[in-house]
Amino acid sequence: MYDLRTLRDNLDPIREQLGPRGADVPWDKLRTLIEQRRTLANQVEQLRHELKKGSDEVATLKREKQPADASMAAMKAIGERIKTIEDELRAVEEPLTDLNLRIPNLPHASVPVGKDVSSNTETRRWGSPPTLTAPAKNHSDLGEALGILDFDRAAKITGARFAVLTGSGARLERALINYMLDRHTTQHGYREVLPPFLVNRSSMTATGQLPKFEEDLFRLRDEDYFLIPTAEVPVTNLHRDETLNENALPIRYAAYTPCFRREAGSYGKDTKGLIRLHQFNKVELVALSKPEQSYEELERLTGHAEAILQGLGLHYRVVTLCTGDMGFSAAKTYDIEVWLPSQNHYREISSCSNFEGFQARRASIRYKGAVEKKGAKTEFVHTLNGSGLAVGRTVVAILENYQQPDGSVLIPEVLRPYMGGLAQIAKS
RNA sequence: GGAGAGGUGGCCGAGUGGCCGAAGGCAGCAGUUUGCUAAACUGCCGUAGGGGGAAACUUCUACCGAGGGUUCAAAUCCCUCCCUCUCCGCCA
């Protein structure tokens with residue numbers, strides 16, 4: 001969503017900067033609606049001014065016990081005109097707001113231009129792939145053989161794209177959640193949040209999931225509530241409709257939540273295993289910062305997500321997404337991709353984005369200076385978030401990268417305290 | 001789920017049709033007084049959008065939970081929805 005005045009004055013530059021991202025925006029219609037809205041709103045304002053003056057006259061006349069019928073009749077006519085024009089205004093504003101909510105964010109100048117994944121750029125790598133003495137097995141075969149993953153029963157009790165973890169598998173998932181949260185809260189300065197997993201339509205609109213991507217979400221039948229696709233939604237919305245004090249920034253939250261996604265349009269992709277599920281666990285990092293510090297904050301936040309992989313000893317690379325591959329709300333995104341031996345390539349395990357003021361405008365999250373300065377304007381904060389990390393995919397990476405020739409899996413050192421000292425998952 | 005009460009500015013709280021963007025108080029800011037602190041006194045003190053001005057500022061419009069309606073005129077009357085509180089029931 002854009003400020004209407006900004007949009008009106010910069011429609012062509014915005015269109016140009018969005019490039020292919022703005023391909024499905026009906027620009028001419030948008031331009032027409034903006035102009036119509038302006039004209040109608042001006043008319044309504046003027047008429048209301050007349051009405052207000054006229055009504056005051058009526059009040060004066062009545063107080064002085066003088067006849068007011070003529071004024072009343074005139075004002076009635078104006079009132080009717082206002083009503084007519086207001087209806088027209090509504091008929092313009094509704095589609096205008098809807099269109100405005102469907103325009104994606106502008107990419108930051110440092111983002112590589114391109115139309116798909118082929119234009120993403122690798123920014124850095126850490127570590128190296130493990131040396132396996134036997135051919136790499138994939139995580140679902142390993143997990144099923146170890147008796148810690150059960151996809152058949154998950155399909156029975158729910159359906160495709162769900163998983164059951166049992167025994168050391170369930171404990172590994174829980175250990176990872178705790179390890180991630182502990183590091184982010186005690187070493188990286190985040191405040192832990194445990195939010196609702198269902199949110200309302202306003203929250204989904206504020207962070208950009210709605211109105212454009214409703215088919216990706218699970219929605220309750222009897223209430224207008226949605227299952228969260230990421231903790232980004234409830235956590236960013238903590239401060240919706242608030243004006244924060246400048247001193248409070250930056251605000252950093254870490255939240256564990258399950259995430260629910262319809263995965264519409266991904267039929268046939270990653271059908272096996274834990275990679276793409278309708279429900280998965282994630283520890284999410286969310287930050288609110290002053291605009292001038294948000295890119296510094298993005299680097300920091302990405303580093304915090306990387307620190308988890310480093311702690312676990314997992315090889316990864318960081319990729320800067322190009323303009324065509326970024327999500328709707330993002331101004332800049334780094335994907336962190338972990339090495340998966342069975343696939344012999346990197347898979348996304350975290351996505352860290354700066355949304356600049358895009359979500360903050362939709363959510364009305366602003367800040368103002370601590371000391372009231374003359375001309376100090378209340379401004380929108382910048383919002384950021386990143387996975388730190390997707391827990392299920394971390395389990396995948398551990399199973400595959402730490403697999404042994406006998407089918408057992410070593411537990412990374414840092415997790416052992418969270419696993420009751422367990423050093424290895426073997427078939428029991 | 002049933003019954004009742006209520007949502008007004010940063011906070012408390014008055015306002016049941018017009019002179020109300022809204023009394024009064026608290027907090028905040030500026031000043032006077034004061035040996036210091038405190039107190040007292042005076043003034044200022046909401047947000048958003050449009051017009052004018054280099055700016056200080058000025059003017060118009062909107063906003064009293066949200067959205068509709070009645071009326072010349074709505075914080076105030078009517079309808080729908082949301083939220084909070086109290087009691088009862090149920091429940092982890």
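Here is how names work: the chains are called A, B, and so on, in the same order as the sequence lines, proteins then strands, and each is numbered from 1. Quick note: numbers below take in every heavy atom, side chains included, and nothing from hydrogens, waters or symmetry partners.
The pair D141(A)-K272(A) meets the salt-bridge criterion, with a side-chain N (NZ, NE, NH1 or NH2) lying under 4.0 Å from an Asp/Glu carboxylate O. Under the 4.0 Å criterion applied to side-chain N and carboxylate O atoms, R252(A) and E297(A) are assigned as salt-bridge partners. Ion pairing between a basic and an acidic side chain is recognised when a charged N comes within 4.0 Å of a carboxylate O; D150(A) and K156(A) show no such pairing. Between E263(A) and R276(A) there is a salt bridge, since at least one side-chain N of the basic residue sits less than 4.0 Å from a carboxylate O of the acidic one. Between K212(A) and D24(A) there is a salt bridge, since a side-chain N of the basic residue sits under 4.0 Å from a carboxylate O of the acidic one.
Looking at heavy-atom distances under 4.0 Å, R90(A) makes contact with sugar-phosphate atoms alone, never a base. In this structure, R201(A) reaches neither bases nor backbone, as no heavy-atom distance under 4.0 Å exists between it and the strands shown. Here K52(A) lies in heavy-atom contact (under 4.0 Å) with sugar-phosphate atoms only. Among the heavy atoms of the strands, none lies under 4.0 Å from K53(A). Residue contacts shown for L51(A) are limited to sugar-phosphate atoms, with no base heavy atom under 4.0 Å away. Residue contacts shown for R63(A) include a base, since a base heavy atom lies under 4.0 Å away. Base contact: M72(A) has a heavy atom under 4.0 Å from a base atom.
Rounded to whole Å, the C1' atom of rC78(B) lies 26 Å from the corresponding atom of rG2(B). With P as the reference atom, rU47(B) and rA39(B) are 27 Å apart, rounded to whole Å. Taking atom C1' in both rC64(B) and rC12(B), one finds a spacing of 16 Å when rounded to whole Å. Atom P of rA48(B) sits at a distance of 27 Å from the matching atom of rC26(B), rounded to the whole Å. Of the P atoms belonging to rC29(B) and rG46(B), the separation is 15 Å, rounded to the nearest Å. The same atom, P, is picked in rG25(B) and in rC41(B); the two are 10 Å apart, to the nearest Å. Taking atom P in both rA22(B) and rA40(B), one finds a spacing of 27 Å when rounded to whole Å. Taking atom C1' on both rA75(B) and rG7(B), the two are 12 Å apart, rounded to the nearest angstrom.
Mapping G54(A) and D3(A) onto RNA chain B by nearest heavy atom places D3(A) closer to the 5' end of the strand. Position along RNA chain B of the nearest nucleotide to Q46(A) versus S71(A) favours Q46(A) as the more 5'-ward residue.
Distances shown here put every side-chain N or O of R38(A) at or beyond 4.0 Å from the OP1 or OP2 atom of rG49(B). Using a 4.0 Å cut-off, some side-chain N or O of H49(A) falls inside it from OP1 or OP2 of rU61(B). Between R48(A) and rA73(B) there is no side-chain polar atom (N or O) within less than 4.0 angstrom of OP1 or OP2.
The separation between N200(A) atom CG and rC81(B) atom P is 18 Å, rounded to whole Å. Atoms CD (E45(A)) and P (rA48(B)) sit 16 Å apart, rounded to a whole Å. Atom CD in E57(A) sits roughly 21 Å away from atom P in rU71(B) (whole-Å rounding). Atom pair L47(A):CG and rA73(B):C1' shows a separation of 16 Å (rounding to whole Å applied). The distance from atom CG of N245(A) to atom P of rA27(B) is 20 Å, rounded to the nearest whole Å. In this structure, the CD atom of E242(A) is 17 Å from the P atom of rU47(B), given to the nearest Å. Rounded to an integer number of Å, the gap from K83(A) NZ to rU70(B) C1' is 8 Å. Between the CG atom of D56(A) and the P atom of rG21(B) there is a distance of 8 Å, given to the nearest Å.
In a base pair of the Watson-Crick type (N1 to N3 plus N6-O4 or O6-N4) or a G-U wobble (N1-O2 and O6-N3), with each distance short of 3.5 Å, rC45(B) is matched with no nucleotide. With a cut-off of 3.5 Å on both pairing distances, the Watson-Crick or G-U wobble partner of rA40(B) is rU32(B). Base pairing of rU80(B): its partner is rA66(B), meeting the Watson-Crick or G-U wobble criterion (both donor-acceptor distances under 3.5 Å). Pair check for rC87(B) finds rG2(B); Watson-Crick or G-U wobble, both atom distances under 3.5 Å. When both pairing distances are held under 3.5 Å, rG9(B) makes no Watson-Crick or G-U pair with any nucleotide shown.
The side chain of N42(A) lies closest to rG50(B), out of rC72(B), rG50(B), rC83(B). Picking from rG18(B), rG50(B), rA48(B) the nucleotide with the shortest atom distance to the side chain of T378(A) gives rA48(B).
There is a side-chain donor-acceptor pair under 3.5 Å between T320(A) and T123(A). Checking E173(A) against N281(A) by side-chain atom types alone, a donor-acceptor pair falls below 3.5 Å.
Two rings, from F213(A) and F328(A), have their centers less than 6.0 Å apart.
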